[in-house]
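As a basis for the values below, the full set of heavy atoms in this structure was taken, side chains included, without hydrogen atoms, waters or symmetry mates. None of these values were measured; they are calculated from a predicted model. Just follow the structure's listing: the first ligand is 1, and inside any ligand the first atom is 1.
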Amino acid sequence: MNYATYEPVIGLEIHLQLATQSKAFCGDDASFGGEPNTHVSAISLGHPGTLPRLNKRQMEYAVRLGLALSSRINLRNCFDRKNYFYTDLPKGYQITQDRLPVCVGGSLELEMDGYRRTVRLHHIHMEEDAGKSIHDLSPRHSMIDLNRAGVPLLEIVTEPDLRSGEEVDAFMTAMRQLARYLGISDGNMQEGSMRCDVNVSVRKKGDTGFGERCEIKNMNSMRFARQAIEFEVKRQIDLLESGGQVQRASLSFNPTTGETSPMRDKESAHDYRYFPDPDLPPVVITQPWVDEVLAQLPTLPKAYFERFVNEFGLPEYDAKLLTQEREMAVFFEKTIKVCASQNVSGKSVANLFINKISPWLAETGTEIDAFPVSAAQLSAYLQLIEEGKVSASIANQRLFPALVESPERPPLELAQQLNLLQSSDSNFLEKIVDEVLAANPDKVAEYRKGKKGLIGFFMGEVMKKSQGKAEPKATNALVTKKLG
Ligand code: ADP
Ligand code: MG
């Protein structure tokens, strides 16, 4: 089969649940979880005669995201009803934006392995979530939890600019990162705060038109999304190569079989009879308000990334790791600035964060905001290594754990107390070097016959005996002198 002559074409519809306190159109608690059917009111239960009212925060969050993605903001945007019947949708319609969404256009740039891809956005619109139907709690009944009904969502619709499962993964990761930087959503896929519909088609490489597409609904795991895309692309190519045609359909992915299959017609019926919601007048926002939201945007991941690479000379790989979470980027930047003023190299600060601090946070389940050691203390710690007072490996093994335990004490004092300071004291070194040479007469003889590479062996022995405290330069000089 000529798989290599085809190219996947993918567009996403991402649902992002917003971290507002209350729901989109009423004051119900919008937080995740809770006893079933406790975050509800006459409005989210869809009682007749109730009226929705717009949550200003939802509007603000939508504009925040739009501005961060360079979208155009519609100063006048409006709400529509999307009608369908389902038991977890008490009103019989979902409030969404069909004709005039809040944000139009924009793009997000992906840093892939060895290349970049700019993914254009079609638009971003506001809507509300439906409740949750639970089919596996009771053998005879379906259970309905309406806590989620009316929770505010943004739907982000991309142009079909993605070309592989890896790019979809990278896009979702970047979108989650951005949402977290902006503080508009936790982007938690396990809890369903971020999920996406994946539209997939294939075409012959070099073609400019598009093939017919299928839509894989409701993916909330990137691993499954990649599997689903891989399966679907192959299925479509097989179909085309055997003379068939792709039929437009909504599909669901079964993680157990790794296959996609068409959903029941009712779930994918596309006759939503959209019409303007008569209960909600068009929203009019002003340019000064939008400018205010823009002025309050935090520094974005891309700006940190570029600063870390260009200003502090870090490898892109390090910069990527250190900008994953905003709080980490903020604290790292603060630390690297203090360190730079003390002539500690940026790379050693990055190494400390990547190799020691991040693993420590992960092991202890601590958030970076609660990391006990200050930027100034970290700088003092790194200076000890830079100045050769403590060896890097001893610092890693012994001094770092001590510092996290006693974050207020001067690192030098801790190193003294733990007896970790390197010594270039000649009495101390001479004794150890003599012992090492005396214990290895045959190696000494070999060295003297010309096997100069053995210097490494002697250095290693001295280091071991001194428990890492022998200062390497002074030790090397002494060993060479004694052997020569
Ligand atoms: P509809 O209105 O029928 O839902 P849209 O034009 O809004 O269709 O597109 C929905 C999603 O499908 C978008 O993310 C878009 O990028 C994607 N899409 C459109 N055409 C294709 C295609 N040929 N192949 C893959 N994805 C596509
Ligand atoms: Mg659509």
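Salt-bridge formation is detected for the pair Glu128/Lys91: a Lys NZ or Arg NE/NH1/NH2 atom is positioned less than 4.0 Å from an Asp or Glu carboxylate oxygen. For Lys217 and Glu215, the salt-bridge test passes: some basic side-chain N is under 4.0 Å from an acidic carboxylate O.
Shortest non-hydrogen contact noted between Phe32 and Glu191 is CE1-O, 3.3 Å. Heavy-atom minimum distance, Val202 versus Gln236: N-OE1, 3.4 Å.
Of all atoms in ligand 1, listed by their number and element, those nearer than 4.0 Å to a heavy atom of Pro160 are 16 (O), 26 (N), 27 (C). Taking a cut-off of under 4.0 Å to the non-hydrogen atoms of Glu159, the atoms of ligand 1 that pass are 16 (O). Heavy-atom proximity to Gly211, at under 4.0 Å, picks out these atoms of ligand 1: 23 (N). Residue contact check: Val157 has heavy atoms under 4.0 Å from atoms 13 (C), 14 (O) of ligand 1. Set against the non-hydrogen atoms of Arg248, the atoms of ligand 1 under 4.0 Å away are 3 (O). In the vicinity of Phe210, heavy-atom distances shorter than 4.0 Å reach the ligand 1 atoms 23 (N).
Sequence neighbours left out, the pairs with a member in residues 172-184 that pass side-chain hydrogen bond (donor to acceptor under 3.5 Å, both in side chains) are Asp169-Thr173, Arg180-Glu325.
At a heavy-atom distance under 4.0 Å, atoms from both the backbone and the side chain of Val9 approach ligand 1.
With ring centers used as reference points, Phe308 lies under 6.0 Å from Phe332.
Listed by chain and residue number, Ala375 satisfy the side-chain contact (heavy atoms from CB on, under 4.5 Å) test with Lys334 (two or more places apart in sequence, or in another chain).
Atom 19 (C) of ligand 1 has its nearest heavy-atom neighbour, among Glu155, Glu215, Arg213, in Arg213. Looking at Thr158, Asn199, Leu162, Val246 and measuring to atom 15 (C) of ligand 1, the nearest heavy atom belongs to Thr158.
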Starting from the C-alpha separation in whole Å, work towards a yes-or-no answer on side chain to side chain donor-acceptor pair (under 3.5 Å) for Glu155 and His123. CA-CA 8 Å; Glu155 181 170 331; His123 74 268; 5.7 Å; no
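Residue Val200 has no nitrogen or oxygen atom sitting less than 3.5 Å from a nitrogen or oxygen atom of ligand 1, judged on distance alone. Between Leu12 and ligand 1, an N or O atom pair is found at a separation short of 3.5 Å. Polar contact with ligand 1: absent for Ile10 (N/O pair, distance under 3.5 Å).
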